[in-house]
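A quick note: this is a predicted structure, and the numbers were derived from the prediction, not measured.
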Amino acid sequence: MNLKSTALVAIALFLAACGGNDEPAAAVEPQVDAGEALHALFDEHFERGLEMNPLSATFIGDNRFNDRLSHFASQEFRDDAEAMDREFLERLLQIDRAQLSYQDQLSYDIFKIDREESLEGNQFPGHLQPINQFRNMMNFLVQLGSGASAHPFKTVKDYDDWLSRVDDAIFNTDLMIENMQEGMRQGIVQPRILMEKVIPQLESQIVDDVTQSAFYKPIVNMPDDFSDEERKRLTAAFEDKIANAIIPAYARLNNFIGDEYLSSARETVGLYALPNGNDWYAYNVRTITTTDMSPEEIHQIGLDEVARIHGEMNAVMEEVGFDGDLKEFFEFVNTDPQFFFDEPEQLIQGYRDMADHINELAEDLFEVFPNTDFEVRRVEPFREQSASGGSYSAGTPDGSRPGIFYANAYDLSARPSWAMESLYLHEAIPGHHFQIMLQRENEDLPSFRRFGGFTAFIEGWGLYAESLGKEIGVYTDPYQYFGGLNAELWRAIRLVVDTGIHAKGWTRQQVLDYMYANSAVAEARAVSEAERFMAIPGQALAYKVGQLKIRAIRDNAEERLGDKFDVKAFHTQVLMDGAMPLSMLEAKIDRWIDSQL
């Protein structure tokens, strides 16, 4: 009970005691403030959510549950999650929204949307196809267990926690096999082309010598202050766990996919081909973009944006004096040796060298900056062939883990230097690291907003950050500006091909042909990106849809405010309250504009 409620109860008891011999005093019910009730609800939900999803706690730096993982592949877990959503939605609706402050109304609405969309999504059986080459829990487990991700390996307890936690992971592995078998019976299976890429990922972890396993790295990197006794005990325990539990689990899953699943996997690559697939994709489109746009509308926006960006690329061709058409220019920038590194570490170091320079330039457009450290790492070899060109992993607000930009150095012929500035702007400053860590460091937000997110906002901001290149002071080299245009073009192409795959029945080859005809993309990246779109239907739509909306919101602010427009203040307003649906962001900025007039 909080202090305010305690005081109200004390007053009620005092009044009752002073009633004398008169009529008994009526009971006085303490009045709980709507805002207090709302935040108590949020706090309870967040705490229960961490217990239900221990890995989420680990990722935000809460190590209380590091000895376990959720049994996310089980029916019991799904039932509990649905019951929890229903319970908290019902309790939320009992709070009078009209009595809340503006910020609390934002939180109320975001929490409500989260619960409603989660419940709606339960009709689509994603658990029956739980693994593909892009979202592969077994790959993630390698990152986690090798010490390259969120699970810490600093204390003896950390090591013992992992030995316990990995047992839950192995339990999930066998549940995933059962779920995939049920998917085979129902005709809900992954495309064969994707699952063929999973097999070498799994095989990379099936080794004869446990000391060569990625899961042995915590032993190699064991802290010096561990006692000899603990070192011996943990070494023996890890060797036993790797040899007799982890490797056999990878082998079971690998054998199942190779011996049984591939023969039932489908030749089609779009979600439309699955039972209820069109509704499934429409749900993905709506929730991922946070709009009501149809796949057909988004497809057309993509075509229009591709044409517009091609026009800007033609201007760059003229600036550098290239003699030829756009397709020939694509061939030139994709093959000329001046644009490529000889060694992977040169590429990685190139990103590291950008940090201080771009961070300083950002001060002209931003007035608030994250405190959390940031670093660049190479994508690990075991997953680099199927990974995207770059990705971001958030740090912890307490500074115990930095934000990480993973740069892919697989096949350097597909990683041109002209693509580097735009990718850094997207993943680092002022892109994902900037936006996500400012959100996580904002203790005024409820925890579910600090550590939650909406893909269209997050990826839309990342692409918007790329578009700030010239304004922030980079893209001074016309080829780097071309790289920025090509990155934006790529996101426009995603609108075309994602909807093409999942709503229009495009084949894998049709997607590749469209990519090669309309962008400067090398084969390795084209293949990995095309198969990524097949693996995570709708996710690729978030970037361009979000960027276009954020740019439209800014254009409106500049038009309405005129000389009063302050780009630093605008960026603060966009970022200060964290990720939210795009319509809510637009309404929030409109409210801010009104306050400035």
Side-chain angles (χ1 to χ4, degrees), residues 38-39 42-66 103-104 106-111 113-114 140 143-144 148-152 290 355 358-359 362 366-377 390-406 424-465 542 546 550 568 571-582 584-585 588:
L38 184 73
H39 284 274
F42 292 159
D43 290 345
E44 181 184 345
H45 180 272
F46 191 74
E47 180 65 21
R48 285 172 58 180
L50 293 181
E51 292 185 47
M52 183 175 285
N53 299 279
L55 197 55
S56 297
T58 303
F59 265 88
I60 66 173
D62 181 343
N63 295 327
R64 289 176 296 162
F65 313 114
N66 280 6
Q103 278 296 327
D104 282 349
L106 282 180
S107 297
Y108 180 105
D109 293 341
I110 292 171
F111 189 84
I113 289 169
D114 283 343
F140 174 69
Q143 290 180 282
L144 204 66
S149 186
H151 187 100
T290 66
I358 293 180
N359 291 0
F366 295 89
E367 58 191 3
V368 290
F369 296 83
N371 296 316
T372 306
D373 288 338
F374 171 82
E375 63 183 54
V376 178
R377 294 183 189 173
S391 61
Y392 176 73
S393 177
T396 53
D398 64 3
S400 62
R401 189 179 71 251
I404 301 168
F405 165 30
Y406 285 100
Y424 184 90
L425 293 174
H426 184 103
E427 302 294 348
I429 298 293
H432 287 330
H433 178 66
F434 203 102
Q435 180 263 315
I436 292 172
M437 292 318 305
L438 283 176
Q439 174 177 305
R440 292 193 171 197
E441 291 171 6
N442 184 356
E443 296 183 358
D444 291 335
L445 294 177
S447 293
F448 85 93
R449 287 177 62 184
R450 287 179 67 195
F451 300 104
F454 290 83
T455 307
F457 184 105
I458 295 168
E459 297 297 356
W461 175 263
L463 186 51
Y464 171 80
I550 293 172
K568 292 184 178 181
H571 287 151
T572 298
Q573 288 297 319
V574 172
L575 295 174
M576 64 183 291
D577 294 322
M580 61 185 65
L582 297 175
M584 291 180 64
L585 175 65
K588 186 177 89 76

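Using a 4.5 Å cut-off on side-chain heavy atoms (C-beta onward), Asp62 and Thr396 make no contact. Residues Asp114 and Phe454 have side chains in contact (heavy-atom distance under 4.5 Å, counting atoms from C-beta outward). Ile436 places a side-chain heavy atom less than 4.5 Å from the side chain of Ile458. Counting only heavy atoms from C-beta outward, the side chains of His45 and Phe111 approach each other to under 4.5 Å. Side-chain contact between Pro54 and Asn66 is absent, with no heavy-atom pair separated by less than 4.5 Å. Taking the side chain as every heavy atom from C-beta outward, Met584 and Ile113 approach each other to under 4.5 Å. Proximity of Leu463 to Ile550: side-chain heavy atoms (C-beta onward) are nowhere separated by under 4.5 Å.
Within the model, atoms CZ of Arg450 and CZ of Arg440 stand 9.0 Å from one another, a figure rounded to the nearest 0.5 Å. From Leu438, atom CG reaches atom CZ of Phe369 across 9.0 Å, with rounding to the nearest 0.5 Å. One distance of note links CD of Glu367 with CE of Met576; it measures 9.5 Å at 0.5 Å rounding. Here the straight-line distance linking atom CG of Leu575 with atom CZ of Phe434 works out to 6.5 Å at 0.5 Å rounding. Atom CD of Glu44 sits about 15.0 Å away from atom NE2 of His39, to the nearest 0.5 Å. If you take NZ on Lys588 and CD on Gln103, they are separated by 7.0 Å, rounding to the nearest 0.5 Å.
Between Ala579 and Gln439 the shortest heavy-atom distance is N-OE1, 2.7 Å. The two atoms that bring Phe65 and Ala57 nearest to each other are CD1-CB, 3.8 Å, heavy atoms only. Of all the heavy atoms in Pro397 and Met437, the pair that sits closest is N-CE, 4.2 Å. Heavy-atom minimum distance, Glu427 versus Gly390: OE2-O, 3.3 Å. Between Leu445 and Gly578, the shortest heavy-atom distance links the atoms CD1-N, 4.2 Å.
Counted by atom type alone, Glu459 and His426 present one or more donor-acceptor pairs between their side chains at under 3.5 Å. Residues Thr372 and Glu441 have side chains that bring a donor and an acceptor to within less than 3.5 angstrom of each other.
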Inset, instruction - Evaluate the criterion side-chain contact (heavy atoms from CB on, under 4.5 Å) for residue pair Phe451 and Ser56; output intermediate values, then yes/no. - result: CA-CA 9 Å; Phe451 300 104; Ser56 297; over 6 Å; no
Inset, instruction - Please lay out, stage by stage, how Gln435 and Phe457 fare under the test side-chain contact (heavy atoms from CB on, under 4.5 Å). - result: CA-CA 10 Å; Gln435 180 263 315; Phe457 184 105; 3.9 Å; yes
Inset, instruction - Would you check, one step at a time, whether the test side-chain contact (heavy atoms from CB on, under 4.5 Å) holds for Phe59 with Arg401? - result: CA-CA 9 Å; Phe59 265 88; Arg401 189 179 71 251; 3.7 Å; yes
Inset, instruction - Could you give me the CA-CA distance, side-chain angles and deciding distance for Phe42 and Phe448, then say whether ring pair (Phe, Tyr, Trp, His ring centres under 6.0 Å) is met? - result: CA-CA 7 Å; Phe42 292 159; Phe448 85 93; 4.7 Å; yes
Inset, instruction - Kindly determine whether Leu55 and Phe140 satisfy side-chain contact (heavy atoms from CB on, under 4.5 Å), including the steps that lead there. - result: CA-CA 12 Å; Leu55 197 55; Phe140 174 69; 3.2 Å; yes
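Aromatic ring pairs are classed by plane angle as parallel below 30°, tilted from 30° to 60° and perpendicular above 60°; the pair Tyr392 and Phe374 is parallel. The aromatic rings of Tyr424 and Phe405 lie perpendicular to each other, with more than 60° between the two planes, well past the 30° mark.
Residues Arg64 and Glu47 are paired through a salt bridge, judged by an N-O separation under 4.0 Å between the basic side chain and the carboxylate.
Distance alone, capped at 3.5 Å, is enough to place a donor-acceptor pair between the Thr290 side chain and the Leu582 backbone.
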